[in-house]
J.: 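The structure under discussion is supplied below as structure tokens; questions concerning it will follow.
Positions are given from 1 along the sequence.
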Amino acid sequence: MSPVESFRTPSKEELRELREQPTDPQAEQEIIDSIEEVYFSSDSFDMVQYELEKLPLDLNLLELEEYRDKLKRQQAAVSTTFREELERVTSLQTNLQLAAVICTNARRQLRSAKEGFTEASLGLLANQRRRQLLTGLLKSLRTIKTLQRTDVRLSEMLEEEDYPGAIQLCLECQKAASTFKHYNCISELNSKLQDTLEQIEEQLDVALSKTCKHFDVSHYTKVQLAYKLLGKTQTAMDQLHMHFTQAIHNTVFQVVLGYVELCAGNADTKFQKMQYKDLCTHITTDSYIPCLTDLCKALWEVMLSYHLTMQWHDEHYKEDEATPGAGNAEGSDESTVGRSYVKKKLEHGLTRIWQDVQLKVKAYLLGTDVSNFKYDDFIVVLDVISRLIQVGEEFCGSKSEVLQESIKRQSVNYFKNYHRTRLEELRMFLENETWELCPVKYNFSIAQLHEFKFMGQCRSPSVSPSRQPESTEPVELFLFEQYLQGGNPFEMQIDNKEEETEDVLASNGYESDELEKSVYQDYDSDSDVPEELKQDYVDEQTGDAPVKSVSRETLRSQKRSDYNLNRANAPILTNTTLNVIRLVGKYMQMMNILKPIAFDVIHCVSQLFDYYLYAVYTFFGRNDMVCISKHFCSPPCSVLILNIMQYLLWENAGPHASPEERKEKVPSPHLSQLVVLTASDTLYGLAERVVATESLVFLAEQFEFLQPHLDTMMPSAKKPFLQQFYSQTVSTASELRKPIYWIVAAKAIDYEQMLLLMAGVKWDIKEIMSQHNVYVDVLLKEFEKFNQRLGDVSKIVRIPLPVSNVLWEHCIRLANRTLVEGYANVKKCSNEGRALMQLDFQQFLMKLEKLTDLRPIPDKEFVETYIKAYYLTENDMEQFIKNHREYSMKQLTNLVNVCLGSHINKKARQKLLTAIDDIDRPKR
């Protein structure tokens with residue numbers, strides 16, 4: 001072989017060597033990949049020529065051998081791969097030959113089978129197939145026929161309100177119709193079923209709206225199931241809230257329209273075209289409360305339905321959560337989203353619905369001027385609104401700011417007008433008051449008056465109605481649980497009012513008109529007295545049988561006799577006092593029901609007390625003796641009287657006061673002409689003065705009793721006003737005893753006669769006397785006469801110990817000061833004369849102590865100190881003048897002048913007079 005051939009064809013040894021080398025597929029592939037692409041370009045490629053041409057000019061044997069070995073490895077790799085592929089081709093050829101044999105045999109067998117079957121066998125198969133097709137067609141035709149008659153059954157189900165069944169049937173029919181949509185008759189049926197489904201949805205919407213006023217569990221369950229079948233649960237909830245809003249509007253409009261048309265008395269249709277707000281302005285005063293009650297009843301039904309709706313959904317959500325694995329995961333997620341939407345929608349709807357209710361009731365409240373309502377009627381209005389506010393708090397936790405503000409506006413307007421009328425009424429009572437005892441029981445308490453019954457029935461601050469039973473349970477769910485099965489919380493208002501009215505009549509004891517007149521027995525006429533003030537007589541809770549046709553004198557005698565049994569402890573008050581106490585009770589009722597106006601009401605309560613106090617002071621503490629009594633009227637009392645005159649009396653309004661400011665004031669009262677205060681035998685009207693003053697003290701005591709309750713009602717920011725009222729006004733009431741009884745004390749004893757008698761006594765005697773002067777006996781007789789008259793007055797009216805003490809204190813104090821004044825009028829006096837003065841005074845004290853139990857004797861030291869000052873030396877006298885400024889300049893000057901010549905010379909006298917003048921100069 002040539003060298004070239006030797007290169008092309010490896011020797012057997014070489015091939016064996018190459019085969020024996022371990023074959024690595026990856027290495028072989030790398031070798032094949034290293035072969036140049038030109039080797040695979042064409043079959044005519046001359047590889048020998050190509051390799052020779054590649055040889056360099058300078059040949060290197062080692063490099064050539066290495067390159068040769070590389071080519072050998074490439075040739076061996078290609079040869080191995082070629083051999084493997086040739087083996088695969090050979091195997092494929094064998095398989096193909098085997099397949100050709102199998103196909104030939106199969107064709108031969110098929111040809112035999114074809115020849116073995118007859119045309120009759122294939123015909124039977126064809127007929128069977130046709131039979132099956134006709135059977136399916138008959139079934140389809142029967143289904144179509146049933147679908148055509150479905151509308152009759154759907155109508156029956158709708159009449160039975162079986163909405164879920166109707167929808168289920170309709171949906172099944174639609175599904176069946178879609179199966180046979182290739183029939184021409186089905187297209188019309190599909191359209192008809194769609195119309196029927198829309199009709200069902202419309203009726204379903206109507207059925208949903210019915211649940212807004214009267215919730216029925218089974219009915220609502222059907223409706224919700226129907227919407228669930230339609231896949232419109234969320235849409236149903238949107239529609240439900242729209243229906244509730246519409247139900248509120250339609251309900252209130254129909255209620256108010258009914259009353260307006262009833263009161264109008266004609267069939268005029270103009271009211272039906274009015275807006276609700278305008279319609280509310282046509283409600284009459286007589287129909288206001290019944291209409292308000294019916295309005296709240298109707299709105300309660302709507303809110304109760306919403307409450308039951310939420311309750312229904314909560315219960316069904318719990319049932320769904322308690323049922324594990326209901327539906328697939330995707331359906332469960334959709335159901336969860338739907339429930340979440342419904343829950344949020346219902347919770348949001350609570351506030352929205354309550355807001356609609358508030359706005360409707362607000363329009364009704366502000367549509368009528370209630371300022372002229374009777375008190376009991378207005379209290380009913382407050383009770384109804386307070387109960388509605390309670391419903392709102394339970395319904396959605398709202399504080400009902402809209403209702404609170406509306407009722408506050410009406411209450412302020414009403415109360416201003418009511419209080420103005422009551423003040424004018426009080427003035428009338430005061431001017432007609434004869435200041436006689438009102439014969440109440442010895443254990444009388446304001447708690448027995450029905451105006452104060454609410455104090456034992458007060459509920460928590462969030463619950464305002466004053467006439468509802470006391471409850472220690474939380475307010476939450478109280479009303480909705482109580483009236484869940486039926487009834488209405490607003491039906492109780494009228495019932496309670498009727499029961500309370502019956503209680504008042506039963507507890508009155510006397511029901512005849514004669515007794516009502518006897519309350520005002522000394523009035524010439526009581527025709528102008530309001531019925532409201534006449535009907536509530538004094539004796540609460542007596543339990544006596546009603547007296548019929550009792551004469552005035554007999555009734556007066558009976559009352560006087562009953563009173564005398566317990567006169568020692570019976571409170572002293574008048575009919576006017578009782579009237580003021582009743583007014584305070586009514587004012588507090590209003591505060592208890594409506595806290596926001598508590599300050600305005602308490603301010604008016606203080607005006608009632610102020611006006612009563614000012615009347616008592618004006619009638620009995622200010623007259624021709626004012627120059628004397630002003631010294632015994634304490635500065636706080638004087639300031640209080642002045643303040644009352646400035647802010648409360650119409651006469652002090654000023655020329656530039658506006659009409660509104662004048663409306664807030666009341667004229668000054670005038671004492672009745674029937675009250676005589678100038679008769680000496682009655683101690684200048686002491687009985688009337690005692691009744692008036694002590695009734696004021698009794699009134700102040702009742703205010704002290706009510707202070708804790710008023711304090712709880714008063715807003716925190718306004719409590720300083722209440723504290724000031726009690727500290728500066730109520731506590732001052734007892735201090736009026738001094739100026740009022742001072743007038744009696746100043747007139748009861750003839751102090752001027754005593755001064756005249758003392759002026760006729762000779763004091764510059766030279767001997768010590770053992771017999772007192774005549775003026776002492778005259779003065780003591782005056783006190784004995786005073787004591788006797790005091791006893792006569794006590795038979796008419798009980799004189800409390802504080803009053804007796806004040807009277808005796810005033811009389812004794814005036815007598816002692818008159819003694820000092822008489823001693824200060826002495827021109828000449830010896831030591832023996834001073835001893836006679838002491839003897840006279842000791843005689844006076846000894847006899848006086850037998851007439852009165854008052855200890856110590858007032859101003860005893862005042863007289864004794866003045867008498868003993870006569871014996872002082874010059875230096876002691878100067879110190880006495882500086883320390884004892886309770887004596888007048890005249891009394892001190894006279895003391896110095898009388899001592900002149902005895903133990904004080906002219907120079908000392910001048911010095912002492914200068915000291916007196918220095919003391920008096922700042923006063924001037």
J.: Work out which heavy atom in Ser680 is nearest to a heavy atom in Tyr684; give both atom names and the distance.
T.: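 Shortest heavy-atom separation between Ser680 and Tyr684 comes out as CB-OH, 3.5 Å.
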J.: Does anything in residues 405-415 form a side chain to side chain donor-acceptor pair (under 3.5 Å)? List the pairs, not counting sequence neighbours.
T.: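 Checked against side chain to side chain donor-acceptor pair (under 3.5 Å) - neighbours excluded - no pair reaches residues 405-415.
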J.: How far apart are the C-alpha atoms of Val803 and Thr693, what are their side-chain angles, what is the distance that settles it, and do they pass the side-chain contact (heavy atoms from CB on, under 4.5 Å) test?
T.: CA-CA 9 Å; Val803 176; Thr693 309; over 6 Å; no
J.: Taking only residues two or more places apart in sequence, or in another chain, which ones meet Asp610 in a side-chain hydrogen bond (donor to acceptor under 3.5 Å, both in side chains)?
T.: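 Scan of Asp610 (side-chain hydrogen bond (donor to acceptor under 3.5 Å, both in side chains), adjacent residues dropped) gives Tyr647.
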J.: Identify the residue among Tyr726, Phe698, Tyr614, Phe703 that makes a ring-ring contact (aromatic ring centres under 6.0 Å, His included) with Phe609.
T.: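 Between Phe609 and the candidates, ring-ring contact (aromatic ring centres under 6.0 Å, His included) is satisfied uniquely by Phe703.
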J.: Sub-3.5 Å donor-acceptor pair from the side chain of Glu688 to the main-chain atoms of Val675, do we have one?
T.: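 Checking the backbone N and O of Val675 against the side chain of Glu688, no donor-acceptor pair under 3.5 Å is found.
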J.: Quick test of your reading: applying salt bridge (Lys or Arg N to Asp or Glu O under 4.0 Å), list the pairs with at least one residue in residues 700-721, sequence neighbours left out, ordered by first then second residue.
T.: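 Counting only pairs at least two positions apart or across chains, the salt bridge (Lys or Arg N to Asp or Glu O under 4.0 Å) contacts touching residues 700-721 are Asp711-Lys719.
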J.: Specify the closest pair of heavy atoms between Lys860 and Leu845, including all atoms of both residues, with the distance to one decimal.
T.: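 For Lys860 and Leu845, the tightest heavy-atom pair comes out as CE-CD1, 3.7 Å.
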J.: Would you say the side chain of Met588 lies within less than 4.5 Å of the side chain of Glu451, judging by non-hydrogen atoms?
T.: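 No; the side chains remain at least 4.5 Å from each other.
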J.: Are Ile743 and His810 close enough that some pair of their side-chain heavy atoms sits under 4.5 Å apart?
T.: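 They are not in side-chain contact.
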J.: Give a yes or no on whether the backbone of Pro858 and the side-chain of Asn816 come within a donor-acceptor separation of less than 3.5 Å.
T.: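 It does hold such a pair.
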J.: Rounded to the nearest 0.5 Å, how far apart are CG of Leu722 and CG of Leu710?
T.: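 Between Leu722 CG and Leu710 CG, I get 6.0 Å after rounding to 0.5 Å.
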J.: Please check this pair: side chain of Ser727 against backbone of Gln724, looking for a donor-acceptor N/O pair closer than 3.5 Å.
T.: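 Yes, Ser727 side chain to Gln724 backbone: donor-acceptor pair under 3.5 Å.
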J.: CD1/Ile572 to CG/Leu437 distance, rounded to the nearest 0.5 angstrom?
T.: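 It comes to 6.0 Å.
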J.: Taking all heavy atoms of Arg798 and all of Val690, pick out the closest pair and write down the distance.
T.: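 Closest pair (atom of Arg798, atom of Val690, distance): O-CG1, 3.8 Å.
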J.: Are side-chain heavy atoms of Val616 and Ile740 found at a separation under 4.5 Å?
T.: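 In short, these two side chains touch, coming nearer than 4.5 Å.
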J.: When you measure from the side chain of Lys665 to the backbone N and O of Gln646, does any donor-acceptor pair fall under 3.5 Å?
T.: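 Looks like yes, one N/O pair under 3.5 Å.
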J.: Parallel under 30°, tilted from 30 to 60°, perpendicular over 60°: which one fits the rings of Trp435 and Phe619?
T.: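 Plane angle over 60°, so perpendicular.
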J.: For the residue pair Ile749 and Phe783, establish whether any side-chain heavy-atom pair is separated by less than 4.5 Å.
T.: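 Side-chain contact under 4.5 Å: yes.
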J.: Do Phe620 and Leu696 pass the side-chain contact (heavy atoms from CB on, under 4.5 Å) test, and can you show the C-alpha distance, the side-chain angles, and the key distance before you say yes or no?
T.: CA-CA 12 Å; Phe620 303 103; Leu696 175 63; over 6 Å; no
J.: If you round to the nearest 0.5 Å, how far is OG of Ser400 from CD1 of Ile407?
T.: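 Atom-to-atom, Ile407:CD1 and Ser400:OG are 12.0 Å apart.
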J.: Taking Arg689 for the side chain and Gly621 for the main chain, is one N or O donor matched with an acceptor at less than 3.5 Å?
T.: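 Answer holds: no.
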J.: Identify which one of Arg422, Arg582, His419 satisfies the side chain to side chain donor-acceptor pair (under 3.5 Å) criterion when paired with Tyr587.
T.: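 When side chain to side chain donor-acceptor pair (under 3.5 Å) is applied between Tyr587 and each of Arg422, Arg582, His419, only His419 qualifies.
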J.: Is a side-chain N or O of Gln891 found less than 3.5 angstrom from the main chain of Ser888, in a donor-acceptor match?
T.: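 It does hold such a pair.
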J.: For Gln404 versus Pro596, what's the shortest heavy-atom pair and its separation?
T.: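 Nearest pair, atom of Gln404 first, then Pro596: OE1-CG, 3.8 Å.
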J.: Answer yes or no: is there a side-chain heavy-atom contact under 4.5 Å between Leu430 and Leu426?
T.: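 With C-beta onward as the side chain, the pair touches.
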J.: State which residues pass side-chain hydrogen bond (donor to acceptor under 3.5 Å, both in side chains) with Asn443; sequence neighbours excluded, sorted by chain then number.
T.: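 Partners of Asn443 under the side-chain hydrogen bond (donor to acceptor under 3.5 Å, both in side chains) test: none.
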J.: State, to 0.1 Å, how close Lys738 and Val806 come at their nearest heavy-atom pair, and which atoms those are.
T.: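 Minimum heavy-atom contact is CA-CG1, 4.4 Å.
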J.: Between Val601 and Phe415, does a side-chain contact (heavy atoms from CB on, under 4.5 Å) hold up when you go through it step by step?
T.: CA-CA 8 Å; Val601 178; Phe415 191 74; 3.7 Å; yes
J.: Just by distance, do the side chain of Tyr617 and the backbone of Ile641 share a donor-acceptor pair under 3.5 Å?
T.: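 No, Tyr617 side chain to Ile641 backbone: no donor-acceptor pair under 3.5 Å.
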J.: Is there a donor-acceptor contact under 3.5 Å from the side chain of Asn417 to the main chain of Ser371?
T.: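 The answer is yes, because a donor-acceptor pair under 3.5 Å joins these two groups.
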J.: Assess whether atom CG of Asn883 is packed by more than 12 heavy atoms of other residues, nucleotides or ligands within 6.0 Å.
T.: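 Yes, CG of Asn883 has more than 12 neighbouring heavy atoms, counting only those of other groups under 6.0 Å.
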J.: Identify the two heavy atoms, one from Glu433 and one from Ser672, that lie closest to each other, and give their separation to 0.1 Å.
T.: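 What the structure gives for the nearest pair is O-CB, 3.8 Å.
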J.: Does Arg427 make a cation-pi contact with Tyr611, if we ask for NZ or CZ under 6.0 Å from the ring centre and within 45° of the axis?
T.: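 Judged by the rule, Arg427 and Tyr611 form no cation-pi pair.
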J.: Judged by atom type as modelled, is there a donor-acceptor pair below 3.5 Å linking the side chain of Tyr741 to the main-chain atoms of Ser804?
T.: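 Judged by distance alone, no pair lies under 3.5 Å.
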J.: Are any of the side-chain heavy atoms of Leu807 and Leu686 separated by less than 4.5 Å?
T.: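 Leu807 vs Leu686: side chains touch.
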J.: Taking the side chain as C-beta and beyond, is there a heavy-atom pair between Ile385 and Ile593 under 4.5 Å?
T.: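 A side-chain contact under 4.5 Å is absent here.
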J.: With Tyr612, which residues qualify under side-chain hydrogen bond (donor to acceptor under 3.5 Å, both in side chains), at least two apart?
T.: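 For Tyr612, the residues satisfying side-chain hydrogen bond (donor to acceptor under 3.5 Å, both in side chains) (neighbours in sequence not counted) are Thr577, Ser695.
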J.: What about the rings of Phe454 and His709, do their centers lie closer together than 6.0 Å?
T.: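 Judged by ring-centre distance (under 6.0 Å), Phe454 and His709 do meet the cut-off.
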J.: Going through the distances and angles, do Leu365 and Leu403 end up as a side-chain contact (heavy atoms from CB on, under 4.5 Å)?
T.: CA-CA 9 Å; Leu365 285 176; Leu403 276 180; 4.2 Å; yes
J.: Could you state the interatomic distance from CD1 (Ile796) to CD (Glu436), rounded to the nearest 0.5 Å?
T.: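 If we round to the nearest 0.5 Å, Ile796:CD1 and Glu436:CD are 9.0 Å apart.
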J.: Working to the nearest 0.5 Å, report the span between OG of Ser734 and CD of Glu694.
T.: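 Going from the OG atom of Ser734 to the CD atom of Glu694 covers 9.5 Å.
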J.: How many angstroms lie between CG in Asp859 and OG1 in Thr865, if you round to the nearest 0.5 Å?
T.: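 Answer rounded to 0.5 Å: 10.0 Å.
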J.: Do Asn579 and Leu583 touch side chain to side chain, with heavy atoms closer than 4.5 Å?
T.: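 Touching, per the 4.5 Å side-chain cut-off.
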J.: With sequence neighbours left out, what residues match Glu886 under side-chain hydrogen bond (donor to acceptor under 3.5 Å, both in side chains)?
T.: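 side-chain hydrogen bond (donor to acceptor under 3.5 Å, both in side chains) list for Glu886, sorted by chain: His884.
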